[in-house]
Participant: 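One structure, as structure tokens, below. Some questions next.
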Amino acid sequence: MTGLARSPQEAVLLVITFCGLLAFMAAAILRWLRAGRTSVDLVLPSTFLLAYWLTYNKIPSFPPVGAVNKIFYLAATGTILGLLIETVGARALTGWLVIFLPAASAAYIGETRLMAGPLELIVAALAGALVLHLLSRQMSSPQPEADAKSAVMLGVASAAFAPIAFLGASSSSLQLCLGFAAAISGILVWHLFKSYYAFASASLFGGAYGMVVVAQTVTLITRKVDLLALTVLGLVFLVPLADSWVLDRLPHQGHRARTVAFAGLCFVPAIVAVAIAYVRYSASLPA
């Protein structure tokens with residue numbers, strides 16, 4: 001579909017618009033049908049795969065060759081595993097998958113660096129596991145807006161990672177990440193009116209894990225991403241550990257106000273991360 005675009009800017013706009021509108025409509029239909037939690041949970045990882053397809057204009061052949069082609073199948077595998085966990089009620093496996101999947105993808109994506117740079121792969125695996133762990137902790141929170149908070153963190157991190165990846169010489173990741181962030185925004189619009197959203201295992205191991213794989217690919221393959229900016233961006237996932245003292249002081253305690261305020265808190269480290277990357281790498285912007 002992005003082949004219809006006459007410029008890279010139009011291609012990015014097409015992906016953002018299409019992903020956002022489709023996610024918005026899918027969330028609206030599921031809300032109208034009062035679909036179950038599992039169906040709602042599948043929307044987010046599905047839009048990640050959609051954003052991938054629109055960005056690269058293909059579903060990679062199997063078995064995939066090359067790191068970029070592996071992203072699609074790793075995210076699809078994570079979605080299937082998450083769906084199985086929710087279907088059979090095997091949530092005890094979540095903790096193991098949080099550790100195993102980032103380690104497996106780091107080794108799979110960066111297989112050419114297993115001998116030359118094993119420390120890089122270990123750091124990439126640990127960072128991915130930490131992100132998934134923090135999101136999985138949020139999934140078990142009793143707060144009514146907990147599911148939306150997980151999606152907000154993922155959406156803000158995806159949007160902020162886009163320019164960081166672009167400055168790190170990965171223009172396709174810019175398109176993919178912005179499309180995914182737009183999809184999350186489209187889904188959450190309905191939550192602002194009345195809470196009807198689920199961030200469960202498919203979202204964690206499909207959508208969030210998909211973004212972990214994208215970050216691992218940019219970090220391990222292009223090796224030009226600003227690691228300081230990426231570290232600061234990771235603080236987005238720590239916001240729930242310190243947000244209560246802000247949210248509990250809001251004059252309006254509805255889920256809409258709390259979700260919007262939480263998003264504002266997440267944007268603080270995200271904006272700082274993008275600013276760091278821009279200051280340090282703007283002179284070497286890809287042509």
Participant: Give the C-alpha distance, both sets of side-chain angles, the deciding distance and a yes or no for side-chain hydrogen bond (donor to acceptor under 3.5 Å, both in side chains) between E86 and T38.
Facilitator: CA-CA 7 Å; E86 292 297 320; T38 301; 5.1 Å; no
Participant: For S46 and L42, work out which heavy atoms get closest and say how close.
Facilitator: OG-O, 2.7 Å
Participant: Same hydrophobic cluster for I59 and F18, using side-chain heavy-atom links shorter than 4.5 Å among ILVMFWY?
Facilitator: yes
Participant: Hey, would you say the F24 and W190 ring centroids sit under 6.0 Å apart?
Facilitator: yes
Participant: Step through the shown structure and confirm whether more than 12 heavy atoms of other residues, nucleotides or ligands are within 6.0 Å of CZ on F267.
Facilitator: no
Participant: Spell out, yes or no, whether L130 and L230 are grouped together once hydrophobic residues are joined by side-chain heavy atoms under 4.5 Å, including indirect joins.
Facilitator: yes
Participant: Test F48 against Y52 for ring-ring contact (aromatic ring centres under 6.0 Å, His included), laying out the working first.
Facilitator: CA-CA 6 Å; F48 177 87; Y52 179 97; 7.3 Å; no
Participant: Ignoring hydrogens, what is the shortest heavy-atom contact between S203 and A198? Give both atom names and the distance.
Facilitator: OG-O, 4.0 Å
Participant: Verify whether one side chain among S150 and Q138 offers a donor that lies under 3.5 Å from an acceptor in the other.
Facilitator: no
Participant: Is there a donor-acceptor pair under 3.5 Å between the side chain of T55 and the backbone N or O of A51?
Facilitator: yes
Participant: Partners of R137 by salt bridge (Lys or Arg N to Asp or Glu O under 4.0 Å), sequence neighbours excluded?
Facilitator: none
Participant: Should F262 and L241 be regarded as members of a common hydrophobic cluster, given that ILVMFWY residues are connected when their side-chain heavy atoms come within less than 4.5 Å of each other, either directly or indirectly?
Facilitator: yes
Participant: With clusters built from Ile, Leu, Val, Met, Phe, Trp and Tyr whose side-chain heavy atoms come within less than 4.5 Å, directly or transitively, what are the remaining members of the cluster of I80, listed by chain and number?
Facilitator: L84
Participant: Should L21 and L176 be counted in the same cluster of Ile, Leu, Val, Met, Phe, Trp and Tyr side chains packed under 4.5 Å apart?
Facilitator: no
Participant: Got a second to check how far I187's CD1 is from T47's OG1, nearest 0.5 Å?
Facilitator: 4.5 Å
Participant: List, one per line, each side-chain donor-acceptor pair under 3.5 Å for residues 100-109, sequence neighbours excluded.
Facilitator:
unit_1: S105; atom_1: OG; unit_2: L101; atom_2: O; d: 3.1
unit_1: S105; atom_1: OG; unit_2: P102; atom_2: O; d: 3.1
unit_1: S105; atom_1: OG; unit_2: Y209; atom_2: OH; d: 3.2
unit_1: S105; atom_1: OG; unit_2: Q216; atom_2: OE1; d: 2.6

Participant: Give a yes or no answer on whether the side chain of N69 reaches the backbone of V65 with a donor-acceptor pair at less than 3.5 Å.
Facilitator: yes
Participant: Restricting to non-hydrogen atoms, name the atom on A160 and the atom on L233 that form the minimum distance, rounded to 0.1 Å.
Facilitator: CB-CD1, 3.5 Å
Participant: Measure across L204 and S136 and return the closest heavy-atom pair with its distance rounded to 0.1 Å.
Facilitator: CD2-CB, 4.0 Å
Participant: How far apart are the closest heavy atoms of L49 and A76, and which atoms are they?
Facilitator: CD2-N, 4.0 Å
Participant: Report the distance from atom NE2 of H133 to atom CZ of F237, rounding to the nearest 0.5 Å.
Facilitator: 13.5 Å
Participant: Please tell me whether I99 and L126 are part of a single hydrophobic cluster in this structure, the criterion being side-chain heavy atoms less than 4.5 Å apart.
Facilitator: no
